[in-house]
Amino acid sequence: MTQPIREATAPHPGTEVNEEAVTGIAKRDSRLSSANLYIAFIALLIGGTAGLLQGFVRSGFIELPSWISYYALLTAHGVLLVLVLSSFFSIGYLYAGTSRVLGGLTDKTLVFGWTGFGLMAAGTAIASFFILSGDANVLYTFYVPMQAHPWFYVGLAMIVVGILSNCVGMFVTYQSWRKRNPGQLTPLFAFFSNAVFVLWVFASLFIAVFVVGMVIPWAFGWVPTIDPMIGRTLFWAFGHTLVNIWMLTAISAWYVSMPKIIGGKVFSDSLARVAVVILVVANVPGGFHHQILDPGLSTELKFLHVIQTFMIIFPSLMTAFAMLATMERTGRSKGVTSLLGWWKTLPWSDARFFAIIVAMFAFIPAGLGGIINASNQVNQVVHNSMWVTGHLHLTVGTTVVLTFFGVSYWLVPYLSGRKLTRSLNKLAILQTLIWAAGMLLMSGAMHINGLLGSPRRTADTSYGGHSAAADWALYETLMAVGGMILFVGILLIMYIWIRLAFFAPKGTTEFPIGEDYREKDRSPLFMDRWSIWVALSVISIAIAYVIPLINFATGHSPGSPPFLMP
């Protein structure tokens, strides 16, 4: 029989507070979160090493031995960092935070969580084996009709099923809390968590149809051909949603934890929830902006999806306003009266804050680049060039990953029962600076090279000595140098993580949860009616995908046989 969860710790007055939930979480909950973080950091090390070698090859610094391919490194780099690292870290972080604010995870949630962890870990091991053995050279996006070993896709399917198991686990605790606390608004962190897992369900359903329904039968040879357009469409419905899963996970720390770290309060609970809802409802159709140059989609349909993609700009601007307002209001509360004097009151020497605010700075050019990528005309200039790779490293590699690093500086010691020492805090500040410098150099060179026409996803950029390719050489070198700096950052964050997880002094570390400024700013209770937001999301998805998928399915495409990458 499932035991009831403990009373919740909510950021609203009048809610009973459980002291154990304030200072820590149950050991059984922390073990699940810690296990997910272990896999995330291991994936960071292996995927980062693959990226370093990839940059050396592309810039001409080294030649790989015959037993490994550049495209194997590219696939490993993408799958391990973009899919594995982000998924395991997000699950570990969100489960820990939800346990903190809702008073614990239910027994059923732990069963679903450990089942999901086992499936994802096994799937990661299987997929990684076939990538590194050279049997899955299908690039970061594993596009069809490039074909990998069928068991590579089985591994991916296991990761997807594991994620869905974690989704069910989160929903069980969320609904259990709501039944035990009728008439109370869900704590803001739990609202973020639920939103992330709702998006994960949408993303997983698309990729499950793609991998399980289409790719696995084709890879095993049960069907001779596959339709690339249906495959690309289903993939990007998943891929774009995944990007905003990372972003929503990252900005949950901006909205909820950052105010507590700087000594302030959450600027606006209602603004945060509205931004979350817009992201959930409007997100999935944005996948089509990755297909602006694809055939088979009418111009009118592409413009519709450009408009739907641009809807995501609104919660981004809302977030930018809320973050600046939070920091300014905190400074004003400390007595600052000058126009920008509050900027000096921010805790710049606290690595938890410093990593997050550098991530916020990176989000400015990253967001502007996203608007360019989603614009019908301008996209035709940068599509499939190194510009897009540079954009991805700004969004994921800088904004999201630096936020994850900042979260690690309180999350890892929170779970391990240790403390972030002064020396480790200084190392964390240094790690942030190293990471930002490496990414600025590498991503900046990628953007410039993209504007010069350098293609992405290719090992050879010499083009037989063509004069146009000669212009790319300098920036290829800068990309490699940036990669070396980033690898130093990876080694440093690995050291910090190991120290915080196993060797730092024992002590109590807080999971920072900000309080509201004003009780009257609380969102209305209907914001917790996820049936409304899920229904609106389904309508938005139907508007975007029903017509093109029907057209593809009834277009009598002859399909494509498999192609194997070297």
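Counting from 1, the numbers follow the sequence of the chain as shown.
Judged by the 6.0 Å distance and 45° axis criteria, R100 is not positioned over the aromatic ring of F189.
Sequence neighbours left out, the pairs with a member in residues 377-396 that pass ring-ring contact (aromatic ring centres under 6.0 Å, His included) are W387-H447.
Side-chain contact between E328 and L340 is absent, with no heavy atoms from C-beta onward closer than 4.5 Å. The shortest distance between side-chain heavy atoms of N194 and T186 does not fall below 4.5 Å. Residues W435 and V401 meet the side-chain proximity criterion, which asks for heavy atoms closer than 4.5 Å. Taking the side chain as every heavy atom from C-beta outward, L415 and I25 approach each other to under 4.5 Å. Looking only at side-chain heavy atoms (C-beta outward), T330 and T345 stay at 4.5 Å or farther from each other. Side-chain atoms of Y153 and V212, non-hydrogen and from C-beta on, never get closer than 4.5 Å to each other. Counting heavy atoms from C-beta on, the side chains of I543 and P285 never come closer than 4.5 Å. Here the side chains of F112 and M170 are not in contact, with every heavy-atom distance at 4.5 Å or above.
Within the 3.5 Å criterion, the main-chain N or O of I493 finds no donor-acceptor partner in the side chain of Q431. The main-chain N or O of V382 is found under 3.5 Å from a side-chain atom of S385 such that the two form a donor-acceptor pair. A donor-acceptor pair under 3.5 Å is formed between the side chain of T124 and the backbone N or O of M120. Remark: the backbone N or O of L339 is paired with a side-chain donor or acceptor of W342 at under 3.5 angstrom. The closest donor-acceptor contact from the side chain of R178 to the backbone of D528 lies under 3.5 Å. Proximity of a side-chain donor or acceptor of S165 to a complementary backbone N or O of V161 within less than 3.5 Å is not detected. A donor-acceptor pair under 3.5 Å is absent between the side-chain atoms of H290 and the main chain of W236, judged by distance alone. Side-chain N or O atoms of N181 include one that pairs as donor or acceptor with a backbone N or O of W177 at under 3.5 Å. Listed for the T75 side chain is a donor-acceptor partner under 3.5 Å among the backbone atoms of L139.
For T233, the side-chain hydrogen bond (donor to acceptor under 3.5 Å, both in side chains) test picks out Q291, with sequence neighbours left out. Annotation: salt bridge (charged side-chain N to carboxylate O under 4.0 Å, His left out) contacts of R329 (sequence neighbours excluded): none.
The CZ atom of F321 lies 11.5 Å from the CG atom of L317; values are rounded to the nearest 0.5 Å. Note that the OH atom of Y414 and the OG1 atom of T509 stand 10.0 Å from one another [nearest 0.5 Å].
Heavy atoms from other residues, nucleotides or ligands lying under 6.0 Å from CE of M318 number more than 12. Residue-environment remark: CD1 (I547) stays at or below the threshold of 12 foreign heavy atoms within 6.0 Å. Open room surrounds CZ on R529; 12 or fewer heavy atoms of other groups in view lie less than 6.0 Å from it.
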Scan the side chains in residues 361-372 for donor-acceptor partners under 3.5 Å anywhere in the protein, sequence neighbours excluded, and list what turns up.
none

For residues 195-205, dump all side-chain donor-acceptor pairs below 3.5 Å to protein atoms at least two apart in sequence or in another chain.
| from | atom 1 | to | atom 2 | distance (Å) |
| --- | --- | --- | --- | --- |
| S204 | OG | W200 | O | 2.7 |

All N/O donor-acceptor pairs, side-chain side in residues 253-261, below 3.5 Å, sequence neighbours left out:
| from | atom 1 | to | atom 2 | distance (Å) |
| --- | --- | --- | --- | --- |
| W254 | NE1 | T403 | OG1 | 3.1 |
| Y255 | OH | T319 | OG1 | 2.9 |
| S257 | OG | P512 | O | 2.8 |

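Here the rule is side-chain hydrogen bond (donor to acceptor under 3.5 Å, both in side chains) with S99, and of T173, T109, D29 only D29 fits it.
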- Where do Y93 and F88 land on the ring pair (Phe, Tyr, Trp, His ring centres under 6.0 Å) test, with the steps shown first? CA-CA 9 Å; Y93 160 61; F88 276 98; over 10 Å; no
- Give the C-alpha distance, both sets of side-chain angles, the deciding distance and a yes or no for side-chain hydrogen bond (donor to acceptor under 3.5 Å, both in side chains) between N373 and N379. CA-CA 5 Å; N373 297 343; N379 180 275; 5.3 Å; no
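Closest non-hydrogen pair, S268 versus L271, comes out as OG-N, 3.0 Å. Of all heavy-atom pairs between L185 and P524, the closest is CD1-O, 3.8 Å.
In this pair, F353 and W348 present their aromatic rings perpendicular. The plane angle is above 60°, beyond the 30 to 60° band.
Classification of D516 and K265 as a salt-bridged pair fails, no side-chain N sitting under 4.0 Å from a carboxylate O.
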